[in-house]
Amino acid sequence: MALYSEKVMEHFRNPQNVGSMEDADGVGEVGNAACGDIMKVYLKIEDDIISDVKFETFGCGSAIASSSMATQMIKGKPLREAEQLTNQAVAEALDGLPPHKLHCSVLAQQAVRAAIRDYYESL
Ligand code: FES
């Protein structure tokens with residue numbers, strides 16, 4: 001069996017929502033000290049809905065695929081729903097990640113939550 005699912009490879013090769021956002025309403029940046037990977041998520045919020053989302057990830061392929069999938073999953077969603085996003089849901093949507101790469105999806109969950117928190121704190 002291949003180490004990475006076709007979905008992971010697809011999102012790694014062609015990540016969605018890559019980039020930064022100058023007028024973001026919330027920005028979350030997190031890192032993993034063990035592997036050194038960094039993930040930054042930008043949110044545009046309109047009427048408590050995530051109208052746009054971008055990410056920049058300096059990290060491994062699984063981190064890039066997780067960011068791409070996580071941003072896709074929260075785009076157009078109400079904030080309350082987006083803050084419930086779990087790393088398990090991201091990993092499942094990617095058709096699984098190898099056990100030693102699950103922390104990459106945790107980074108995506110943390111980055112999304114940090115960006116939402118940043119938005120609430122700026123209100
Ligand atoms: Fe650390 Fe992927 S190896 S985020």
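When a ligand or atom number is given, it counts from 1 through the structure's own listing order. Because only heavy atoms are used, hydrogens play no part in the values below, and waters and symmetry mates are left out as well, while side chains stay in.
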- Task: Mind checking how many protein N/O/S atoms fall short of 2.8 Å from atom 2 (Fe) of ligand 1?
- Result: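 Those protein atoms number 2 in total.
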Salt bridge (Lys or Arg N to Asp or Glu O under 4.0 Å) against [X], all qualifying residues, sequence neighbours excluded:
{"X": "D23", "value": "K44"}
{"X": "E92", "value": "none"}
{"X": "K54", "value": "none"}

- Check whether any side-chain N or O of T71 sits under 3.5 Å from a backbone N or O of S67 as a donor-acceptor pair, and report yes or no.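 Pair found, side chain donor or acceptor close to backbone of S67.
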- Task: Would you confirm whether D118, through its side chain, and G28, through its main-chain N or O, come within 3.5 Å as a donor-acceptor pair?
- Result: no
- Query: Does the side chain of E22 pick up a donor-acceptor pair with the side chain of Y42 at under 3.5 Å?
  - Reply: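 There is no such pair between these side chains.
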